[in-house]
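Structure, as structure tokens:
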Protein chains: 2
Amino acid sequence: MYTIGQVSEMFGLPISTLRYYDKEGLFPTMERKNGIRKFGETELEALRVIECLKASGLEIKDIKLFMQWCTEGPTTYPQRKELFERRREAVNEEMDQLRKTLAMLEFKCWYYDTAIAEGDEDRLQSMLPDKLPPDMQALYDIAHS
Amino acid sequence: MYTIGQVSEMFGLPISTLRYYDKEGLFPTMERKNGIRKFGETELEALRVIECLKASGLEIKDIKLFMQWCTEGPTTYPQRKELFERRREAVNEEMDQLRKTLAMLEFKCWYYDTAIAEGDEDRLQSMLPDKLPPDMQALYDIAHS
DNA sequence: CTAAAACATAAACCTAACTTTAGGTCAAGA
DNA sequence: TCTTGACCTAAAGTTAGGTTTATGTTTTAG
């Protein structure tokens with residue numbers, strides 16, 4: 001069993017954040033002794049899942065719902081599995097979006113590289129997509145799709 | 001030249017958002033006629049860049065700075081290029097993070113699939129990393145790295 | 001036993017990025 | 001002429017996800 005300060009160290013999270021998560025119902029079965037929180041293995045695994053679900057874009061109130069399901073035993077396995085599948089889809093979509101963003105950024109890096117090398121603004125300003133080098137045209141197409 | 005309503009349609013952005021961007025200084029050279037905003041090609045390209053930089057995680061106040069640089073001509077090419085390079089690095093790091101998140105999500109999907117199929121909570125609860133199937137162990141390792 | 005460190009709560013505060021509201025201008029069509 | 005629709009501003013409101021503050025209690029080290 002760990003204190004809030006120890007868990008704060010272990011996860012690199014402020015104590016205030018752990019208390020906030022608790023207040024929001026993210027540790028529904030956490031025990032206390034004289035009012036003092038006792039983090040067990042259940043809460044540590046909960047925190048790992050919280051970080052994952054947060055990184056996937058899930059809101060705190062929906063993470064709370066998931067944690068409730070975890071207290072209800074195997075009957076909620078299907079809901080839990082579906083939640084993770086929807087999160088997986090959401091993350092895949094976000095990665096697609098980031099790939100487009102990356103294409104745009106790489107195109108812009110190339111653009112300014114060329115502009116700096118040529119020291120000529122006007123020629124670049126009027127550059128048309130079909131006059132780009134093939135690899136840059138590919139990036140341009142991804143970025144503008 | 002387009003009105004704010006037309007641009008709102010074209011980009012799928014609320015009019016209020018476009019006005020907000022303007023107020024924050026994201027269209028430093030936009031013209032007006034009788035107080036009415038006139039969006040030109042410069043502003044449309046600005047909006048494409050804004051969407052890209054926002055998707056890369058840049059804050060509005062920093063996007064404003066970039067737009068200022070754009071009004072200052074070729075002397076700011078180096079700053080602009082460096083900004084895009086830092087954004088590229090940030091996006092690459094975010095994609096790495098998302099790959100780990102995805103590994104965790106896929107592991108959890110598999111976990112619940114197996115749990116539902118076996119209908120046995122306790123056997124899974126005590127599952128150790130080195131007893132997982134090889135492909136799941138790989139996911140587990142990525143997710144917990 | 002006592003002092004400091006670590007814990008606790010409730011409630012106010014914070015920030016970013018918008019959105020809504022209230023009130024006003026202006027151009028075009030019936 | 002009137003009224004409708006699209007535009008304008010300033011300022012207040014909203015939301016998520018915390019953080020800070022003020023105050024009080026418990027644990028721990030000497």
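Here is the naming used below: chain letters follow the sequence lines, and residue numbers restart at 1 for every chain. On a predicted model such as this, the values are computed, not experimentally measured, just so you know.
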Exercise. Looking at A:Lys54, does any N or O in its side chain come under 4.0 Å of the phosphate oxygens OP1/OP2 on D:dG18?
Worked result: yes
Exercise. How close or far is atom C1' of C:dC18 from atom CG of B:Leu26, stated in whole angstroms?
Worked result: 13 Å
Exercise. Over how many whole Å does the gap from A:Ile60 atom CD1 to D:dT19 atom P extend?
Worked result: 11 Å
For this session: Looking at every strand, decide which applies to A:Glu24 at a 4.0 Å heavy-atom threshold: base, sugar-phosphate, or nothing.
Result: nothing
Seminar exercise, completed: Of the listed C:dA16, D:dC7, D:dC8, the closest approach to the B:Arg37 side chain comes from D:dC8
For this session: Give one of base, sugar-phosphate or nothing for A:Arg19, where a contact means two heavy atoms less than 4.0 Å apart.
Result: base
For this session: Would you kindly compare A:Lys33 and A:Pro14 by the position of their nearest DNA chain D nucleotide and give the one closer to the 5′ end?
Result: A:Pro14
Problem set entry | D:dG18 phosphate, OP1 or OP2, under 4.0 Å from A:Tyr21 side-chain N/O | yes
For this session: Any chance you could lay out the side-chain contact (heavy atoms from CB on, under 4.5 Å) test for B:Leu83 and B:Leu58, step after step, and finish with the verdict?
Result: CA-CA 10 Å; B:Leu83 175 70; B:Leu58 201 67; 4.2 Å; yes
Problem set entry | Protein-nucleotide distance (A:Arg32, atom CZ; D:dT27, atom C1'), rounded to Å | 16 Å
For this session: Return the value, rounded to whole Å, for the distance between atom CG of A:Leu13 and atom P of D:dG17.
Result: 14 Å
Problem set entry | Side-chain N,O (A:Thr3) to OP1/OP2 (C:dC7) below 4.0 Å | yes
Exercise. When we call it a touch if two heavy atoms are under 4.0 Å apart, what does B:Lys38 touch: a base, just sugar-phosphate, or nothing?
Worked result: nothing
For this session: Quick one: label B:Thr17 by what it contacts on the DNA or RNA (base, sugar-phosphate, nothing), any heavy atom closer than 4.0 Å.
Result: sugar-phosphate
Exercise. Are B:Tyr77 and A:Tyr111 close enough that their ring centres sit under 6.0 Å apart?
Worked result: no
Exercise. Would you say the side chain of B:Arg48 lies within less than 4.5 Å of the side chain of B:Phe11, judging by non-hydrogen atoms?
Worked result: yes
Exercise. Which residue, A:Lys23 or A:Asn34, contacts DNA chain C at a nucleotide closer to its 5' end, judged by nearest heavy atom?
Worked result: A:Asn34
Problem set entry | With A:Tyr112, the side-chain hydrogen bond (donor to acceptor under 3.5 Å, both in side chains) member among B:Arg80, B:Glu82, B:Lys81 | B:Arg80
Exercise. Once you round it to whole Å, what is the distance between C1' of C:dA16 and CG of B:Asp62?
Worked result: 12 Å
Exercise. Going only through I, L, V, M, F, W and Y residues with side-chain contacts under 4.5 Å, is there a path from B:Leu44 to B:Phe27?
Worked result: yes
Problem set entry | Length of the line joining B:Ile36:CD1 and D:dT9:P, which is rounded to integer Å | 10 Å
Exercise. Between C:dT19 atom C1' and B:Tyr20 atom OH, what is the distance in whole Å?
Worked result: 11 Å
Exercise. Once you round it to whole Å, what is the distance between C1' of D:dA6 and CZ of B:Phe39?
Worked result: 14 Å
Problem set entry | Side chain of B:Ser16 - closest among C:dT19, C:dA16, C:dC7 | C:dT19
